[in-house]
Amino acid sequence: NTGITWAYIIGTAFRAALGAVGMSDKAVTAWLDSNGYIKRGAQKSTYTIAKRIKGAVARCVAIRLPFNDDDSEIVDFDEMI
């Protein structure tokens with residue numbers, strides 16, 4: 001895999017999912033940012049970007065999907081932490 005593959009998650013759904021399992025969205029996004037797994041917004045002070053979904057603009061969290069460089073297989077996320 002030569003390019004970067006991104007998963008776009010609607011910001012409110014991202015925060016709700018993390019909150020449902022007792023995790024802080026600020027802590028998770030800070031960890032993702034420090035490890036190069038999140039795309040910053042245009043102002044660089046936010047972790048959401050504008051993305052068009054079915055014609056409507058939504059604020060999304062863009063997370064880089066981890067791939068193994070050798071064979072382009074998705075790496076188990078638990079192995080990364």
Side-chain angles (χ1 to χ4, degrees):
N1 187 18
T2 58
I4 295 175
T5 303
W6 296 94
Y8 296 94
I9 305 167
I10 295 173
T12 53
F14 178 78
R15 288 186 294 278
L18 289 173
V21 295
M23 296 181 75
S24 163
D25 64 290
K26 293 189 184 307
V28 171
T29 52
W31 183 90
L32 289 167
D33 184 43
S34 68
N35 288 280
Y37 286 102
I38 197 165
K39 192 183 290 188
R40 288 251 186 179
Q43 296 85 5
K44 303 294 183 203
S45 62
T46 181
Y47 291 110
T48 60
I49 62 168
K51 190 73 178 164
R52 191 168 298 278
I53 301 173
K54 293 187 178 184
V57 176
R59 298 299 303 176
C60 295
V61 176
I63 298 175
R64 183 171 61 89
L65 297 179
F67 283 91
N68 181 335
D69 292 337
D70 297 335
D71 56 11
S72 297
E73 292 292 321
I74 295 178
V75 176
D76 184 357
F77 187 75
D78 290 333
E79 293 176 6
M80 295 170 25
I81 339 183

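These numbers come from the heavy atoms of this one structure, side chains and all, not from hydrogens, waters or symmetry mates.
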Tell me, with the steps shown, if I53 and Y8 meet side-chain contact (heavy atoms from CB on, under 4.5 Å). CA-CA 10 Å; I53 301 173; Y8 296 94; 5.8 Å; no
With respect to V61, which candidate in L32, T48, I49 satisfies the side chain to side chain contact (heavy atoms under 4.5 Å, CB included) definition? T48
With T29, which of I63, T46, I38 fulfils side chain to side chain contact (heavy atoms under 4.5 Å, CB included)? I38
Atom of K51, atom of C60 and distance for their closest heavy-atom approach: CB-SG, 3.8 Å
Compare every heavy atom of Y47 with every heavy atom of R40, then report the nearest pair and how far apart it is. NH2-OH, 3.2 Å
Work out which heavy atom in L18 is nearest to a heavy atom in D25; give both atom names and the distance. CD1-CA, 3.7 Å
Any idea which heavy atoms bring W6 and K39 closest together, and the distance? CE2-CE, 3.6 Å
Under a single-linkage definition using a 4.5 Å side-chain heavy-atom cutoff for Ile, Leu, Val, Met, Phe, Trp and Tyr, are I10 and L65 assigned to the same hydrophobic cluster? no
